[in-house]
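Worksheet: one structure, shown below.
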Amino acid sequence: MDFERVGLGMPTVASAAPGAGLRDQFGRVATDMRLSLTDKCNLRCTYCMPEAGLDWLKKDKLLTAAEIVRLVGLGVRNLGVRELRLTGGEPLVRADLVDIVAALRRNHPELPISLTTNGVGLAKKARALADAGLTRLNVSMDTLHHDAFLQLTRRPFLDQVLAGIEAADAAGLRPIKINAVLLRGVNEDHAAELLAWCLDRGHELRFIEQMPLDADHGWTREGMVTAAEIRALLSTDFALTTDPRARDGAPAERFEVRRHGSEQLLGTVGIIASVTEPFCADCRRTRITAEGKVMSCLFSRTEVDLLELLRAGDSPADDDAVAARWQDAMWAKPKAHGMGHPGLGDADFVQPDRSMSAIGG
Ligand code: SAM
Ligand code: SF4
């Protein structure tokens, strides 16, 4: 899309000052690093991946554990990164995941390190991840119904996910956040039930509006379940009131949850309205793909390669050069992603080439 034409202002000169952190030309500073560990996944969620999977990156194209540790170190020491989320693809399929977490924890004793996972195989690894120093987990689970789970993920692994959540809880990785995407006609009627299940167990449920990041390019605005609809779906069973705590740049709008007619606070629920109520103005994210490319935004169509610097033959780049390229990439972060913003229709929006699994959600 033509950002200049619609007033979203792509930069003409990249010029973040040394020591300024990951600043962009609109005054935002990225402190929240999302690092994808792999593009591979063992599920095929319809809103993310195609049924046949994608061409996986070759192993030698992926960031190694040592490169990951170096990039995170650079982000934390030189560029003001304050929290880290490991994601993918499915990060649990990476055999060296526990070692990566342990190495990051050794180097950064205070850094919040979280993981977003689909939960398949988590039962076996939850304890080791907790022992390695993982701070917390988000587990994606869109329904408690086996048939809908199969329809959504194209894999019959709901019981594994449930066992994973239980194991993470037992390992002390609390509070567990549960991420759910609702698809019309598939699981939207399961929203209130999922919330009740999470509240009973002390898990924090967050609904994410479906974004046009599916490899099949099947997203439509009419098809997506909006944040307003999600609030209405939950309101049949629960009374929602805005959480008085400051949102503080968090993507989810949080609501306190009570039963109708009761004062008793049962917990909270979050709704991430990336499409209908975008929070671009407060975005603090910097993303690095599994092959070491900086993406300043989930919807970015521009990628900046750090891996080629890390691996530059006999003379790999020093930290300052890598940091400068990362800063330049973030300086170019667009003002907004182009959906749901005044003056912009869907026709102005061009879906990125990468699916969510290949970006790192
Ligand atoms: N495989 C892991 C998982 O599913 O949790 C981590 C990667 S996944 C891409 C991260 C998050 O992105 C998940 O919570 C998933 O539900 C969400 N997601 C994937 N595709 C999406 C889409 N098109 N719109 C909204 N959320 C999406
Ligand atoms: Fe895999 Fe996560 Fe994408 Fe589902 S959302 S296909 S689990 S990467």
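Whatever order the structure lists ligands and atoms in, that order sets their numbers, starting from 1. None of the values given here were measured: they were computed from a predicted structure.
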Can you list the steps and then say if L183 with E188 is a side chain to side chain contact (heavy atoms under 4.5 Å, CB included)? CA-CA 6 Å; L183 295 198; E188 88 236 70; over 6 Å; no

Determine, stepwise, if the pair E291 / T289 fulfils side chain to side chain donor-acceptor pair (under 3.5 Å). CA-CA 5 Å; E291 75 267 50; T289 67; 2.9 Å; yes

Just do the salt bridge (Lys or Arg N to Asp or Glu O under 4.0 Å) check on E90 and R155 with the steps written out, would you? CA-CA 14 Å; E90 176 44 48; R155 296 290 184 272; over 6 Å; no

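Between atom 3 (Fe) of ligand 2 and C48 there is an N/O/S contact shorter than 2.8 Å.
Near S357, meaning under 4.0 Å from one of its heavy atoms, ligand 2 places the atoms 8 (S). The ligand atoms of ligand 1 that sit less than 4.0 angstrom from a heavy atom of V181 are 16 (O), 26 (N). For ligand 1, the atoms closer than 4.0 angstrom to any heavy atom of I208 are 14 (O), 25 (C), 26 (N). Contact atoms of ligand 1 toward N179: 14 (O) (distance under 4.0 Å to a heavy atom of the residue). Of all the atoms in ligand 1, the ones that sit under 4.0 Å from a non-hydrogen atom of T117 are 2 (C), 3 (C), 5 (O).
The same ILVMFWY cluster, assembled from side-chain heavy atoms under 4.5 Å apart, contains both L195 and V225.
The proximity of N138 to ligand 1, defined as any non-hydrogen pair under 4.0 Å, does not occur for either the backbone or the side chain. Residue-level proximity to ligand 1 for T116 is carried by backbone and side chain together, each with a heavy atom below 4.0 angstrom.
The nearest heavy-atom contact from the protein to atom 2 (Fe) of ligand 2 is C41 SG, 4.4 Å. Looking only at protein heavy atoms, the nearest one to atom 8 (S) of ligand 1 is G88 O, 4.3 Å. Scanning the protein heavy atoms around atom 6 (S) of ligand 2, the nearest turns out to be C45 N, 3.3 Å. Nearest protein heavy-atom neighbour of atom 21 (C) of ligand 1: Y47 CD1, 3.6 Å. The nearest protein atom to atom 24 (N) of ligand 1, hydrogens excluded, is given as M211 N, 2.8 Å; this is a heavy-atom distance.
Salt-bridge formation is not detected for the pair K58/D60: no Lys NZ or Arg NE/NH1/NH2 atom is positioned less than 4.0 Å from an Asp or Glu carboxylate oxygen. Salt bridge absent: R254 and E204 never bring a charged side-chain N and a carboxylate O closer than 4.0 Å. Salt bridge present: D319 and R70 bring a charged side-chain N and a carboxylate O closer than 4.0 Å.
Scanning E209, M356, E90, R206 for the heavy atom closest to atom 12 (O) of ligand 1 points to M356. Of the candidates G119, G89, S140, it is G89 that places a heavy atom closest to atom 6 (C) of ligand 1.
Look at G89 and you'll find a heavy atom under 4.0 Å from some atom of ligand 2. Judged by the shortest distance from any of its heavy atoms, M49 lies inside the 4.0 Å radius around the atoms of ligand 2.
Where the criterion is an N or O separation shorter than 3.5 Å, residue side chain and backbone included, T87 fails it with respect to ligand 1. Below 3.5 Å of separation, one finds no N or O of Q210 facing any N or O of ligand 1.
No more than 12 heavy-atom neighbours from other residues, nucleotides or ligands sit within 6.0 angstrom of CG on D55.
Applying the salt bridge (charged side-chain N to carboxylate O under 4.0 Å, His left out) test between D32 and each of R285, R284, R287 identifies R285 as the sole match. Considering E209, E229, R221 in turn, E209 is the only one that fulfils the side-chain hydrogen bond (donor to acceptor under 3.5 Å, both in side chains) rule with T276. Residue S114 forms a side-chain hydrogen bond (donor to acceptor under 3.5 Å, both in side chains) with just one option from R34, R85, R136, K177, and that option is R85.
The closest donor-acceptor contact from the side chain of R174 to the backbone of D169 lies under 3.5 Å.
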